[in-house]
Amino acid sequence: MQLYQNQHLKVYNSLSGKKEAFKPINEGHIGMYVCGPTVYSNVHLGNCRTFMSFDMIFRYFKHLGYKVRYVRNITDAGHLVDDAEDGEDKIAKKARLEQLEPMEVVQRYTVDFHTILQKFNFLPPSIEPTATGHIIEQIEIIKDIFEKGFAYEANGSVYFDVAKFNKTHEYGKLSGRKLEDMIANTRELAAQDEKKNPQDFALWKKAEPQHIMRWPSPWGDGFPGWHLECTAMSTKYLGETFDIHGGGMDLKFPHHECEIAQAEASNGHSPVNYWLHANMLTMNGKKMAKSTGNNILPGEIFTGDNKILSKAFSPSVVRFFMMQAHYTSILDLSNDALLASEKGYFRLMDALDTLKGIDTGKTSDFKVADWRQECYDAMNDDFNTPILIAKLFDAVKHINLIKEGKEQLTAADKETLEATLHAFIYDVLGLEGKTDTGAGTNKLSEVVTLLIELRKDARDNKDFATSDKIRDQLAAIGIQLKDGKEGTTFSVS
RNA sequence: GGCAUCGUGGCCGAGUGGCUAGGCACAGCUCUGCAAAAGCUUGUACAGCGGUUCGAAUCCGCUCGAUGCCUCCA
């Protein structure tokens, strides 16, 4: 018996605009595709939020007992700087500017991406395919779309005929757009356009002679259009129709719209049952942009080497901060917000330590079974992590009351409580313990315990100058002493 | 200009018709040698205007503002 058989999950489907009961195509199995990064620069913090949301979703599915195939691609070709005729590939442009081979650019920023995600304690996806590794599959899809009559060739490039597609299908249904409106609002683009209509998008682009990234095709040397890779890779690894497709809100149009069009044009049916979109991250109320300086790299947060924040914050604190907001809401990052999250996070983790040491009683004042289900209810309601965290703080309060002897808990309830907290905090939210110092922990603990004993002796002798010195000096290096009825404990921050 | 999402107490952020999450900050109290930690108590907030309703933060309309997309972007 798996958990998912008792826990009834609802997800917000961007396609219908409603929360829907989640039912996978094959019971017990989930296919999930998330659009990964274009590796032409350091991973953006907003990017991290999107991937973190889906990491949490992936984790919750696994926790529920689903077997999940999670595919997150790496875009290493085909992503153009703009849509004009002289549009340059983002990777190729960076390579030109930095005088590197394009694959050096790809390698450098793929490594950066993985390094940052690892710090954030992301679970690796099941498959992480690259666009350049699937050129053949992309060409096959283009041929297919061609045969179905929804593509045309122009001067060595191939375009998707949106107007024709729209006659029998609904282009724009995901983003709530109508083709007529788009045509009416199209700005004047460069006149010498190969496209029949400005709404048409590239499936294959002809490579100019100076273009380094190029592959042979039935239409000559070129490279694939950006939207195509996701269709090729999701179809290859998850099938023509799969359960979940995720990505950032900004990809809804045109990227995901085009994916739907490509899939429907080539194989005739809708590729995805549930479209999930994560919302944006702003900073100090404004959008993050390199051009205005309102931008920060994840690594700069961890080291504190930046002009925006007052101190360094650990990846777990940033993760906790992000999990305190719902993934579909815009989240605003600021120094105050991070400081607040850090305190809350420490309080939560301290309670986890406290729970280990509490004595159990004959009865329970805390209805653990009910509380546990409330945690699931929160997550089952479209992955509502803010409510889950509120529930976790309910437990924190009870744990502290039990420690003070004002409430009690049976041994069985203690076990359930501990297991549930661990499951949600570590497995689902993906947070890590704040004192994860490895082998050093035991020796540190012994030293501090010794200091606590010395301080107690000093206090017993009313030598408060000495006792306060011990307490304050420890505090200065981040070790906080906590005097309780049962003696003194400490925590490291 | 068009489309979309949103605007909640000092800050961050849940909540979608009546029962008013949570975190942080602030204040008072308990505990303490003094603190810290912990606990208890206190905050009647929902951009503005109008409408629907017995009743609205929650539904509708307008205004203002923010963010995203419309050209690359998570």
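Chain letters run A, B, ... following the sequence lines, proteins first, then strands; residues in each count from 1. Every value quoted in this text rests on a predicted model; they were computed, and no experiment measured them.
- C26(B) and G17(B) have their C1' atoms separated by 33 Å, given to the nearest Å.
- Donor-acceptor pairing under 3.5 Å, judged by distance alone, is present between the side chain of Asp483(A) and the base of A35(B).
- Using N1 to N3 plus N6-O4 or O6-N4 for Watson-Crick, or N1-O2 and O6-N3 for G-U wobble, each under 3.5 Å, C40(B) pairs with G28(B).
- In this entry A66(B) has U5(B) as its Watson-Crick or G-U wobble partner, both defining distances falling under 3.5 Å.
- Residue His326(A) places no side-chain atom within donor-acceptor reach of the base of A14(B), judged by atom type and a 3.5 Å distance cut-off alone.
- Glu194(A) and Tyr159(A) share a side-chain donor-acceptor pair at under 3.5 Å.
- Among the heavy atoms of the strands lying under 4.0 Å from Lys286(A) are primed sugar atoms or P, OP1, OP2 only; no base atom is included.
- As judged by a 4.0 angstrom heavy-atom cut-off over every strand, Phe253(A) is placed among residues touching the sugar-phosphate backbone only.
- Residues Thr385(A) and His326(A) fail the side-chain proximity criterion, which asks for heavy atoms closer than 4.5 Å.
- Under 3.5 Å, the side chain of Asp460(A) and the base of G33(B) form no donor-acceptor pair of N or O atoms.
- Annotation: cation-pi pair Lys391(A)/Phe393(A) absent, no NZ/CZ under 6.0 Å from the ring centroid and within 45° of its normal.
- Side-chain atoms of Arg347(A) stay outside donor-acceptor range of the base of C24(B), with no qualifying N/O pair under 3.5 Å.
- The closest side-chain heavy-atom distance from His114(A) to Glu128(A) is below 4.5 Å.
- The partner of A35(B) cannot be assigned: no Watson-Crick or G-U wobble pair with both contacts below 3.5 Å exists in any strand.
- Asp200(A) places none of its side-chain heavy atoms less than 4.5 Å from the side chain of Phe160(A).
- Here Lys252(A) lies out of heavy-atom contact (under 4.0 Å) with every strand.
- Spacing between G1(B) and U63(B) at atom P, rounded to whole Å, works out to 11 Å.
- Comparing A21(B) with A14(B), their C1' atoms are spaced 6 Å from each other, to the whole Å.
- You cannot call Phe393(A) stacked on the base of G22(B); the centres under 5.5 Å and planes under 30° rule is not satisfied.
- Base pairing annotation: C49(B) forms a Watson-Crick or G-U wobble pair with G61(B), both donor-acceptor distances under 3.5 Å.
- Residue contacts shown for Lys406(A) are limited to sugar-phosphate atoms, with no base heavy atom under 4.0 Å away.
- When Watson-Crick and G-U wobble pairs are counted only if both distances are under 3.5 Å, G55(B) pairs with no nucleotide at all.
- Residue side chain Arg471(A) does not reach the base of A36(B) through any donor-acceptor N/O pair under 3.5 Å, judged by distance alone.
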